[in-house]
Amino acid sequence: MIDILILTASFGMGHKSVSNALKEQLETGSNNTKTVIADIFEIVGPNVKNFGSKLYYQLTENYPLVYNTIYDIKKTNKNNIIDEVFCNLYYKKIYSYILVEKPKVIISTFPLCSCIVSKIKEEYNANINLITVITDVVDSWEWIYNKTNIYLVPSMGIKNKLINKGVCENTIIVTGIPVKKEFLHSNINFALSQKKSILLVLSGVDYLPEEVLAKLNNNNYFKAIIVTGRNEKLYKELSKTMYSNIKIYGFVNNLDKLMDEAAFIITKPGGVTLFEAINKELPLIILNSNIGQEKGNIEFIKQNKIGMVIDDVNNLSSILDYCIGNPKLIQYYCNNIRKIKKTLHYKEVIDYVLNEVI
């Protein structure tokens, strides 16, 4: 028997990262609370999980047009057939798991999880408190179900869009996208004038042009820190050359500290990375993406003026010159980030969940 069940799916790193962040902070808030993270595809069966993971990778990496077509169907249709089919096939098996674990609260960090738990509540008249955490800056219908008790949303804009779709205002809390506790505060020991590095987080990038690497290596004001994450191919390629002003890392455990020291970050438009940077008050240079949910994150950056978006990694050299030559621009982005942080009520959520459990 557990107190809080966090249901997720290992498609991409974002959903699992949000789940880990929530578990960490819930257990910090109460030592007596037992929180478990479960992948719905692991509950259903390893074959389903393996097939789903491979399909997701193939679609996002090799067939983005197909992926976006599927995403748009789920985004714009209130009752999309894609999730409904999976839900109808497997909701009974998920319900059996829930009956064994008997959680007091279920938190969903993946749209299909919300779909399945809503179906269970409806079919069995189950008294389950369902909290849905939207893990990108989107208002897609795939996240919205009548049996959801609370929505945790990334921004005021998404809250307003959900209200326009008929979601009760009292069930929506603006939290930002949950991040691990080490990212929740910027290090005040690093004033903007003391920040002397550019941070490139490139786990989803295939290459960096030689011109860009030369520009980074010859820069006299900022040192460059490149983190390739789990992209071993890029790490090996970049490590072939010795640089005087560039440090290259693979997977790191101190990304929060690297963010504290950086004047701005260059990265892909993932929801978690976006809100890690926001909590660290770190302006963003985002590499453009045509992947469905990432387009929502990009629009959020543009609308709130917290960074810039580049369409081609080859243009990075000129963008770097522009940013380095205009320090007031970086300060402008930082000020806008602080305005966003004031709208986030993250601690309120932790207190709400723990109160439900206690």
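Quantities reported herein were computed from a predicted structural model and do not represent experimental measurements.
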Can a side-chain donor-acceptor contact be found between [Y] and [X] if the only test is distance below 3.5 angstrom?
X: K75; Y: N68; result: no
X: N336; Y: N304; result: no
X: N335; Y: Q331; result: yes
X: N245; Y: N217; result: no

Among pairs that include at least one residue of residues 198-219, which meet ring-ring contact (aromatic ring centres under 6.0 Å, His included), considering only residues two or more places apart or in two chains?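 Found none.
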When you compare the side chain of K302 with that of I298, does any pair of heavy atoms fall below 4.5 Å? yes
Should the pair Y124 and Y95 be assigned to parallel (<30°), tilted (30 to 60°) or perpendicular (>60°) ring geometry? parallel
Just say parallel, tilted or perpendicular for the rings of F264 and F222, cut-offs at 30° and 60°.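 Ring orientation, 0 to 90° scale: perpendicular.
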Under a 4.0 Å threshold between the charged nitrogen and the carboxylate oxygen, would E261 count as salt-bridged to K196? no
Positive for side-chain contact (heavy atoms from CB on, under 4.5 Å) with I107, one of V133, T8, L152, L5: V133
Any chance you could lay out the side-chain hydrogen bond (donor to acceptor under 3.5 Å, both in side chains) test for S19 and T109, step after step, and finish with the verdict? CA-CA 7 Å; S19 300; T109 67; 2.9 Å; yes
Backbone N or O of N20 within a donor-acceptor pair of the E24 side chain at under 3.5 Å?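 Side chain of E24 to backbone of N20, a donor-acceptor pair under 3.5 Å: no, none is there.
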Let me check something: any side-chain donor-acceptor pairs from residues 165-179 under 3.5 Å, sequence neighbours excluded? List them with distances.
from	atom 1	to	atom 2	distance (Å)
K165	NZ	D139	O	2.6
K165	NZ	D139	OD2	3.2
T171	OG1	C168	O	2.6

Run the salt bridge (Lys or Arg N to Asp or Glu O under 4.0 Å) test against E42 and tell me which residues pass, sequence neighbours left out. K49
Under the ring pair (Phe, Tyr, Trp, His ring centres under 6.0 Å) rule, what do Y90 and F41 come out as? Steps first, then yes or no, please. CA-CA 10 Å; Y90 296 113; F41 292 98; 8.3 Å; no
